[in-house]
Amino acid sequence: MDDKNISQAVIARLPRYYRYLGDLKDNGIERISSQDLSKLMKVTASQIRQDFNNFGGFGQQGYGYNVEYLYDEIAKILGLNEKHNLVIIGAGNLGQALANYMNFERRGFIVKGIFDNNQAICGKVVRGISVQHVDGLEKFIRKNDVDIAVLTIPKEGAVKTAEVLAKCGVKAIWNFAHVDLNVPADIVVENVHLSDSLMKLSYGIVNGSVE
Ligand code: NAI
């Protein structure tokens, strides 16, 4: 399956499909038609068919989609069939909240280490993991096969920290710092700004609807 030329818009919709299919699977539903999935997810059946056609279809005329198969295939496309070790850098409010969110592990994202540059926080245990000083970050990443770094530090330190992360071989950065990072193109950066979502909500209040 060649998913290299899939549009970002389709990729962005896959996690939502994955969540809905996960719920169907948990509820013992074995197959679903594109019409029923469409009603459930409030997207058109043709959108669903078009999206899945990018990956070879998955469906069968008159049968619909096999929920478990589709769920597993989307997991593969999203790389969720592999485990990803991650570190959290910045053990403040946000870093600790993310560390405490168990559901990431269900998806295969394993929190291996938590780091901070404040000695007063180092040694504090968050969900069984002792916060370490950032001085040990490079060594830890190399030793623990860490793919992903989560940046939950203020923007002032983020660019420099990202350069260190790039040097020691992380493949992706989940960036919550409010600054653009300067890393080589082969490192995937996903910037998250919760306030963007809130502003979209505000737009929806003013203008009636967001979608
Ligand atoms: P916080 O002040 O509770 O925690 C920040 C932690 O980072 C502190 O423990 C501090 O010692 C540590 N730190 C600072 N510089 C560091 C460095 N160079 N290396 C390692 N550790 C370092 O702040 P909070 O609330 O956890 O927010 C963290 C950052 O994330 C803030 O800059 C905030 O603006 C941003 N943020 C972003 C959001 C988003 O949606 N993108 C949402 C909430 C916060």
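Side chains included, hydrogens not; waters and symmetry mates left out as well; all remaining heavy atoms used. In each ligand, atom 1 is the first atom listed, and ligand 1 is the first ligand listed. No experiment lies behind these values; they were computed from the predicted model shown.
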Peer 1: Under a 4.0 angstrom heavy-atom cut-off, which atoms of ligand 1 come close to Val134?
Peer 2: 19 (N), 20 (C)
Peer 1: Which bit of Glu156 is near ligand 1, meaning a heavy atom under 4.0 Å away: side chain, backbone, both or neither?
Peer 2: neither
Peer 1: If you measure from each non-hydrogen atom of Ile121 to ligand 1, which part falls under 4.0 Å: side chain, backbone, both or neither?
Peer 2: side chain
Peer 1: Write out the residue and atom name of the closest protein heavy atom to atom 21 (N) of ligand 1, then the distance separating them to 0.1 Å.
Peer 2: Asn117 N, 3.2 Å
Peer 1: Hey, is atom 11 (O) of ligand 1 under 4.0 Å from any protein heavy atom?
Peer 2: yes
Peer 1: Does an N or O anywhere in Leu194 fall below 3.5 Å from an N or O of ligand 1?
Peer 2: yes
Peer 1: Show the atoms of ligand 1 that are less than 4.0 angstrom away from any heavy atom in Thr152.
Peer 2: 5 (C), 7 (O), 28 (C)
Peer 1: Starting from atom 4 (O) of ligand 1, locate the nearest protein heavy atom and write down its residue, its atom name and how far away it is, to 0.1 Å.
Peer 2: Gly92 CA, 3.1 Å
Peer 1: Could you tell me, atom by atom, which parts of ligand 1 come under 4.0 Å of a heavy atom of Asn118?
Peer 2: 11 (O)
Peer 1: Below the 3.5 angstrom mark, is there an N/O of Ser195, backbone or side chain, next to an N/O of ligand 1?
Peer 2: no
Peer 1: Grouping I, L, V, M, F, W and Y whenever their side-chain heavy atoms are under 4.5 Å apart, do Ile121 and Ile88 come out in a common cluster?
Peer 2: yes
Peer 1: Given the side-chain rings of Phe104 and Trp174, with only the six-membered ring counted for Trp, is the space between their centroids under 6.0 Å?
Peer 2: yes
